Amino acid sequence: MAIEQIWIGTNWKMTKTLSEGLSYNKKIQEFTQSFKNPIKLFIIPPFTSLYKIKEELSNGDILLGSQNMHWEDRGAYTGEISPLMLKEIGIDLIELGHSERRQYFNENDQDINKKVHAALRHQFRPLICVGENKEQKDYRISLEILAQQLKICLYGVKKTQLPNIVIAYEPIWAIGEKGTPAEASYVSHIHDHIRSVLENMYGTSALNVPLLYGGSVNTRNFSSYLENKNVNGLFIGRAAWDTKSFEEILKNIDANFTSYL
Ligand code: 13P
């Protein structure tokens, strides 16, 4: 087993004001203190909360991510946030290509590729989201779509840069209120495929890239996804926004850590 850590994180999307975020943060810092295992925990709040939350996360045990980032360092790009702005705050991860950004804001793989390079240039960890939509799944072209997304998003990324890359498989049909939770066997099959696409691109270095699953993960189904050795973590929305259910998931993972590796 190449990866000895389990990555668990949450994307807050457009939820939680600054004060709500701070009280959430306080709670998770309290209950994670007693964890005994290397759980790589990360939170991805909205931009407006990043600076203040970074101050509260002073010991660095919880990684902080940004939900997006422009590829240019500065310029006339109204409404965008640059790598330099995030660097000064001390952000660790940059989430790129989330399906909601692809669906509602027309992000494409080529733009994501530019952002991946910008993130690497500034020593961030790009967390690259890939996933097929329902129509593509029904046409049985999920594997081709995923290979294409990975090849374009990682175009020009060198093997030496691979240790900073994290991939999240987030099937669009499984995400959010209207999503249908994916079967664990399906996720397992897709993660094996993602690993083999990466191995074809990078050889054995690809074995160390954390592959996370996201889409309607909850307290009842999370453990089933972690059973495959190519699922190295979970990327959770709704079930992690409530600290009680997030605590239940995290405590279980800490208690049964080796069985999920
Ligand atoms: P849900 O867990 O709410 O389906 O969202 C998952 C997600 O989009 C994580 O980025």
Side-chain angles (χ1 to χ4, degrees), residues 6-16 20-21 24 28 39-47 49-50 53 62-69 91-107 109 112 115-116 119 124-134 136-137 142 145-146 149-150 153 165-184 186-187 190-191 194 210-226 231-250 252-253:
I6 298 177
W7 289 72
I8 306 290
T10 175
N11 166 16
W12 293 2
K13 309 192 182 184
M14 199 175 73
T15 73
K16 299 193 191 301
E20 289 165 348
Y24 174 98
I28 59 167
I39 296 176
K40 281 276 221 190
L41 182 59
F42 64 91
I43 57 170
I44 310 192
F47 290 125
S49 299
L50 290 177
I53 287 187
I62 301 178
L63 303 177
L64 187 63
S66 147
Q67 295 181 15
N68 188 18
M69 184 191 75
I91 300 303
D92 305 290
L93 284 166
I94 312 288
E95 178 184 359
L96 295 172
H98 189 275
S99 67
E100 287 148 16
R101 298 236 30 107
R102 293 173 185 261
Q103 261 180 301
Y104 307 129
F105 304 100
N106 301 322
E107 273 200 23
D109 294 322
I112 296 162
K115 295 178 182 194
V116 167
F124 295 117
R125 236 178 223 285
L127 166 59
I128 306 170
C129 303
V130 292
E132 81 282 13
N133 64 28
K134 167 98 173 54
Q136 292 160 337
K137 179 172 185 273
S142 306
I145 294 293
L146 285 160
Q149 291 177 344
L150 289 165
C153 292
I165 301 282
V166 181
I167 304 284
Y169 169 55
E170 300 222 325
I172 297 171
W173 47 269
I175 292 178
E177 293 290 347
K178 297 193 188 110
T180 316
E183 296 286 334
Y186 183 80
V187 172
I190 297 284
H191 275 239
I194 292 175
L211 305 184
L212 280 46
Y213 171 70
S216 294
V217 172
N218 59 40
T219 50
R220 294 174 305 284
N221 64 19
F222 75 93
S223 60
S224 66
Y225 297 125
L226 289 173
V231 179
N232 314 112
L234 300 169
F235 194 17
I236 314 175
R238 288 157 298 152
W241 298 342
D242 167 31
T243 50
K244 286 240 162 50
S245 47
F246 200 28
E247 180 174 358
E248 187 180 330
I249 293 171
L250 284 164
N252 179 299
I253 292 171

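Model, not experiment: these values are computed from the prediction. Read the numbers this way: they start at 1 and go in the same order the structure lists the ligands and their atoms.
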Heavy-atom count check: over 12 atoms from other residues, nucleotides or ligands less than 6.0 Å from Glu183 CD? no
Backbone or side-chain N or O of Gly176 under 3.5 Å from ligand 1 N or O: yes
The test is side-chain hydrogen bond (donor to acceptor under 3.5 Å, both in side chains); show your working for His98 and Gln67 and say whether it passes. CA-CA 8 Å; His98 189 275; Gln67 295 181 15; over 6 Å; no
Please write down residue, atom name and distance for the protein heavy atom closest to atom 6 (C) of ligand 1. Gly237 N, 3.7 Å
Consider side-chain contact (heavy atoms from CB on, under 4.5 Å). Of Ile44, Ile43, Leu234, which one does Thr10 pass it with? Ile43
Which of the atoms of ligand 1 are close to His98, meaning less than 4.0 Å from one of its heavy atoms? 7 (C), 8 (O), 9 (C), 10 (O)
Does any N or O atom in Glu170 lie less than 3.5 angstrom from one in ligand 1, N or O only? yes
Work out which heavy atom in Trp241 is nearest to a heavy atom in Asn11; give both atom names and the distance. NE1-O, 2.8 Å
Residue portion contacting ligand 1 (non-hydrogen atoms closer than 4.0 Å) for Asn11: side chain
Show the numbers, then the answer: is there a side-chain hydrogen bond (donor to acceptor under 3.5 Å, both in side chains) between Ser142 and Tyr186? CA-CA 11 Å; Ser142 306; Tyr186 183 80; 3.2 Å; yes
Looking only at protein heavy atoms, what sits closest to atom 5 (O) of ligand 1 is Lys13 NZ, 3.2 Å
If we check side-chain contact (heavy atoms from CB on, under 4.5 Å) with Phe42, which of these qualifies: Val166, Leu127, Ile62? Leu127
Nearest option to atom 4 (O) of ligand 1, as decided by whichever heavy atom of Ala174, Ser216, Gly131 sits closest: Ser216
How far is atom 3 (O) of ligand 1 from the closest protein heavy atom, and which atom is that? Arg238 NE, 2.6 Å
